[in-house]
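Input: a single structure, listed below in structure tokens.
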Amino acid sequence: MNTLRQRCPRCGTPVPFKKTQMGLGKEFECRKCGAKLMIQRNFWIPLLALFAFFRLKSYTETTTEMALLLLGLAVLVYILSVIFMQPKLRD
């Protein structure tokens with residue numbers, strides 16, 4: 001599961017989940033090496049999930065199917081965020 005976490009580009013320490021989801025675009029320090037990091041804001045990933053939700057919600061008939069759709073979209077957003085929203089060094 002450690003492969004699905006963003007890491008500091010300088011020392012490789014995993015970035016806390018809260019920093020990867022809350023306060024995007026704000027600087028924070030790596031807790032191990034003290035490097036100033038920032039994760040850029042990204043709007044296309046949630047917009048993609050929103051589009052997919054409205055496109056696929058008509059195919060759900062039960063509450064369970066709707067819950068599975070939402071869970072699947074949440075996992076998709078998380079994985080795309082890990083891939084495309086890596087911490088960058090701020091000097």
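Note that the structure is predicted; figures quoted are calculated from it, not measured.
- Val82 and Phe43 fall into different hydrophobic clusters, where Ile, Leu, Val, Met, Phe, Trp and Tyr residues are linked whenever their side-chain heavy atoms come under 4.5 Å apart, directly or through other members.
- Linking Ile, Leu, Val, Met, Phe, Trp and Tyr residues whenever their side-chain heavy atoms come within less than 4.5 Å leaves Leu47 and Leu69 in two separate clusters.
- Of all the heavy atoms in Cys33 and Arg10, the pair that sits closest is SG-CD, 3.9 Å.
- Residues Leu76 and Leu80 meet the side-chain proximity criterion, which asks for heavy atoms closer than 4.5 Å.
- Clustering ILVMFWY residues whenever any of their side-chain heavy atoms sit less than 4.5 angstrom apart, transitively, puts Phe51 in a cluster other than the one holding Val75.
- Annotation: the span from Thr63 atom OG1 to Leu70 atom CG amounts to 11.0 Å, rounded to 0.5 Å.
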Requested in this report: List the steps and the verdict of side-chain contact (heavy atoms from CB on, under 4.5 Å) for Leu37 and Cys8.
Outcome: CA-CA 8 Å; Leu37 303 173; Cys8 172; 4.1 Å; yes
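- No side-chain heavy atom of Met38 sits less than 4.5 Å from a side-chain heavy atom of Lys88.
- Contact record, Glu61 with Glu65: N-OE1, 2.6 Å, taken as the closest heavy-atom pair.
- To the nearest 0.5 Å, atoms CD (Gln6) and CD1 (Ile83) are separated by 10.0 Å.
- Taking hydrophobic clusters as Ile, Leu, Val, Met, Phe, Trp and Tyr residues chained together by side-chain heavy-atom distances below 4.5 Å, Leu71 does not share a cluster with Tyr59.
- Phe54 and Val77 fall within the same hydrophobic cluster, where Ile, Leu, Val, Met, Phe, Trp and Tyr residues are linked whenever their side-chain heavy atoms come under 4.5 Å apart, directly or through other members.
- Counting heavy atoms from C-beta outward, Phe53 and Met66 have side chains that approach closer than 4.5 Å.
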